[in-house]
Structure formats: structure tokens, C-alpha cells
Protein chains: 2
Amino acid sequence: MGLTKTEMFTDVQNEIALFAKVFGHPARVAILEHLFKINTCVCGDLVSEIGLAQPTISQHLKELKQLGLIKGNVEGTSVCYCIHTENWTKMKEVMLKFLDQDLQNTSCC
Amino acid sequence: MGLTKTEMFTDVQNEIALFAKVFGHPARVAILEHLFKINTCVCGDLVSEIGLAQPTISQHLKELKQLGLIKGNVEGTSVCYCIHTENWTKMKEVMLKFLDQDLQNTSCC
DNA sequence: TTATTATATTGCAATATTACGATTAATGTT
DNA sequence: AACATTAATCGTAATATTGCAATATAATAA
């Protein structure tokens, strides 16, 4: 099928899955890390930085933008990308709540 | 293609992507949340709890086990699952380092 | 031994993802 | 206007994922 049955899960569970999914590809991880490292807008050099073809990078950027994790400002013929700080923080809260669950008992069979 | 080019990314980037990928499905998120909530081993009731068919749940459990995030102990005819605490902590460190990056400058175009 | 119960595996269909060549769209330059 | 530059979109091929019916496996119970 390849089709996720989202209707049987909570909104939060689906939200976590959506965020996680976008981090589920090393190219998108690399793009985000680069944007954090550069610490300002990146205009254009992502293709040479990452090493995949331009349409492929463009596609990954689209997914990151669709989830609101990055912003893209048109700057002449190029586009400048940077982290969408507010949304990143919101995402982080959701993901941390999930990751930071901890077991009180470690009573396993 | 559908084939991720892992060789052009760092080990850490690929590791983050692998962990994120397994969280990229709400059923697996739900399974993990249930294991945390129950706070002890779960023997069998995951199928009725989640609402997908038994082979589907079994497959999701397999992926979680392969990444080392859960343990499965055979207990008679059933299998008891629980969070693999040590590995969960290790995973958390990797993911937190990625998520907790922060921008010093917010100098965007 | 023959059920019964619980989980895993197999096989398959439907859909999603990844990657890239070719093309298009948009802007800037001469 | 004509050309160059940059990024997005389209189309497509290859592979991956999701889900489940059917079956297999393993342990216990009768």
C-alpha cells in the first residue's frame, strides 16, 4: 500500500511522525546543519555543499519549507535560505516531549 | 530511484536520519508512547491497542528492534516488549544534539 | 498427539520516496 | 532584445514503505 493510516493516531503522534520523516533523510539533515553552521542565509551554494543534483536539493528544500522549518527569500536570481527559528523552536518542543519520556520503573521481564 | 545516497554524508548525519526515519511513522510513535506509558513490558496487547493488523504491528516492532530501541523477551507463547533504556538514552543524545542547535545570529535577508 | 494461542514470515498490491535529465520561469546583465 | 544565471517544475525510472491475507513457527494446554 505505502499509505499511512493517519486516522487511527492522535494529532500529536502524526505531527511527530511528520517532523521525524523530514529528518529521515541525511541530505535534509545536512542541509539543516549547514544552515545552522553558516548561521545566516545561504544563497545558492547548497548544491555544491551537499553534492546531490540541483533538482534533488530543490526537492529536499521544498519539503523542509513545506513543514515550515526553513524560509526562502528571493534575492535576485538566487534564493536565500535560513532556519525558521520560531517554527524550529515549536518543532523542538514537540520532539523533546516525545524523546524525553522516561521510565520510572525499569521492571522488565 | 528511492535509494538514499548515504555515502556522501557523515556517519552522524546518517545515524540521525536512521533514527528519525523509524519515528517517521505514527504507528511506531504510538507503540513507543504506549511502552513508555505502561512503564513495563507489554505482552501481546499492542495489536488491539494500536488498531493495525497483527502482521503490520509485527513489522513495525521489528524495525524498532533492529534499531535497538526496544527489547523483546519471549514469555511462553507471547513476547514481552519494552523500551531498551540504554539505547534510548544514546539515541536521545544524538537527536538532542541535532535538535538543540541554536542560531547565534538571526541575521536573515 | 492434537488443538490452541501468540507472534513471525512470506508474498503481494498500492503508494511513496529518491534521484536526476530536461525543461521552464524568473531575474539580472550586456 | 539577447544572453546568462539560478532555482523550480516536470517526467520518469528505480527502489522503499505500508498494510494485510495467508501461512509458518513456537510454545503451551487438553
Side-chain angles (χ1 to χ4, degrees), chain A residues 1-9 13-14 16-31 34-35 41-67 70-82 109, chain B residues 1-9 13-14 16-31 34-35 41-67 70-82 109:
Chain A
M1 300 207 154
L3 179 64
T4 298
K5 289 195 162 180
T6 53
E7 73 279 4
M8 46 193 13
F9 305 103
Q13 285 166 344
N14 282 312
I16 291 169
L18 278 180
F19 282 132
K21 205 181 206 174
V22 91
F23 298 141
H25 193 290
R28 292 190 290 263
V29 172
I31 288 171
H34 187 64
L35 290 180
C41 292
V42 166
C43 302
D45 57 334
L46 275 168
V47 172
S48 49
E49 181 68 28
I50 308 292
L52 293 169
Q54 179 267 322
T56 309
I57 297 293
S58 188
Q59 200 172 281
H60 285 308
L61 287 169
K62 192 180 175 185
E63 288 174 68
L64 290 168
K65 203 163 25 170
Q66 268 169 352
L67 262 183
I70 62 173
K71 285 188 281 193
N73 293 70
V74 178
E75 192 93 344
T77 52
S78 58
V79 179
C80 293
Y81 288 101
C82 58
C109 27
Chain B
M1 303 211 153
L3 180 65
T4 298
K5 290 193 163 180
T6 54
E7 73 279 2
M8 46 194 12
F9 304 104
Q13 285 166 344
N14 282 313
I16 291 169
L18 278 180
F19 282 132
K21 206 180 205 175
V22 90
F23 299 141
H25 194 291
R28 293 189 290 262
V29 172
I31 288 171
H34 187 64
L35 290 179
C41 291
V42 166
C43 303
D45 58 336
L46 274 169
V47 172
S48 51
E49 180 68 27
I50 307 292
L52 292 168
Q54 179 268 323
T56 309
I57 297 293
S58 186
Q59 199 173 283
H60 285 308
L61 287 169
K62 192 181 177 183
E63 288 174 68
L64 289 168
K65 203 165 23 173
Q66 266 170 353
L67 262 182
I70 63 172
K71 284 188 280 193
N73 294 69
V74 178
E75 192 93 346
T77 51
S78 58
V79 179
C80 293
Y81 287 102
C82 59
C109 27

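This is a predicted model, so every value here is computed, not measured. Numbered from 1 within each chain, the chains take letters A, B, ... in sequence-line order.
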S.K.: Please list, by residue number, the residues of residues 17-31 of chain A whose heavy atoms come closer than 4.0 Å to an atom of DNA chain D; answer none if no residue qualifies.
M.R.: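 Result for residues 17-31 of chain A: none.
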S.K.: Reading nucleotides 6-13 of chain C from the 5' end, what letters show protein touch, with B for base, S for backbone sugar-phosphate only, - for no heavy atom under 4.0 Å?
M.R.: SBBB---B
S.K.: Starting from P on D:dA8, measure out to CG on A:Leu52 and report it in whole angstrom.
M.R.: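 Taking CG of A:Leu52 and P of D:dA8, I get 15 Å after rounding.
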S.K.: Stepwise, does the side-chain contact (heavy atoms from CB on, under 4.5 Å) test hold for A:Ile57 with A:Leu61?
M.R.: CA-CA 6 Å; A:Ile57 297 293; A:Leu61 287 169; 3.9 Å; yes
S.K.: Walk me through whether A:Leu67 and A:Lys21 qualify under side-chain contact (heavy atoms from CB on, under 4.5 Å).
M.R.: CA-CA 11 Å; A:Leu67 262 183; A:Lys21 205 181 206 174; over 6 Å; no
S.K.: Return the set of residues passing salt bridge (charged side-chain N to carboxylate O under 4.0 Å, His left out) with B:Glu63 (not counting sequence neighbours), or none when no residue passes.
M.R.: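 Salt bridge (charged side-chain N to carboxylate O under 4.0 Å, His left out) check on B:Glu63 returns B:Arg28.
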S.K.: For A:Lys62, what residues pass the side chain to side chain contact (heavy atoms under 4.5 Å, CB included) criterion, not counting sequence neighbours?
M.R.: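 Partners of A:Lys62 under the side chain to side chain contact (heavy atoms under 4.5 Å, CB included) test: A:Gln66.
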S.K.: Rounded to the nearest angstrom, tell me the gap between atom CD in A:Glu49 and atom P in D:dT6.
M.R.: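 From A:Glu49 CD to D:dT6 P: 16 Å.
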S.K.: Rounded off to whole Å, could you give me the CD1-to-P distance for the A:Ile70 and D:dA7 pair?
M.R.: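 Distance, rounded to whole Å: 12 Å.
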S.K.: Take atom CD1 of A:Ile50 and atom P of C:dC20, then tell me their distance rounded to the nearest Å.
M.R.: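 After rounding, the reported distance stands at 13 Å.
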S.K.: Mind checking what makes side chain to side chain contact (heavy atoms under 4.5 Å, CB included) contact with B:Thr6, not counting sequence neighbours?
M.R.: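 Side chain to side chain contact (heavy atoms under 4.5 Å, CB included) check on B:Thr6 returns B:Thr4, B:Asn14.
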S.K.: Testing the basics here: between A:Val74 and A:Gly76, what is the closest heavy-atom pair and its distance to 0.1 Å?
M.R.: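 Taking A:Val74 first and A:Gly76 second, the nearest heavy atoms are CG1-O, 3.6 Å.
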S.K.: From CD of A:Gln66 over to P of C:dT17, roughly how many Å is that when rounded to an integer?
M.R.: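 From A:Gln66 CD to C:dT17 P: 11 Å.
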S.K.: Return the minimal non-hydrogen interatomic distance between B:Val47 and B:Leu52, and the atom names on each side.
M.R.: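 Shortest heavy-atom separation between B:Val47 and B:Leu52 comes out as CG1-O, 3.6 Å.
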S.K.: Between C:dT17 atom P and A:Glu63 atom CD, what is the distance in whole Å?
M.R.: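 It is 7 Å, rounded to the nearest whole Å.
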S.K.: Under the side chain to side chain donor-acceptor pair (under 3.5 Å) rule, collect the residues that match up with A:Gln59, sequence neighbours excluded.
M.R.: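 Scan of A:Gln59 (side chain to side chain donor-acceptor pair (under 3.5 Å), adjacent residues dropped) gives none.
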S.K.: Is the distance from OP1 or OP2 of C:dT17 to the nearest side-chain N or O of A:His60 less than 4.0 Å?
M.R.: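 For C:dT17, neither OP1 nor OP2 has a side-chain N or O of A:His60 closer than 4.0 Å.
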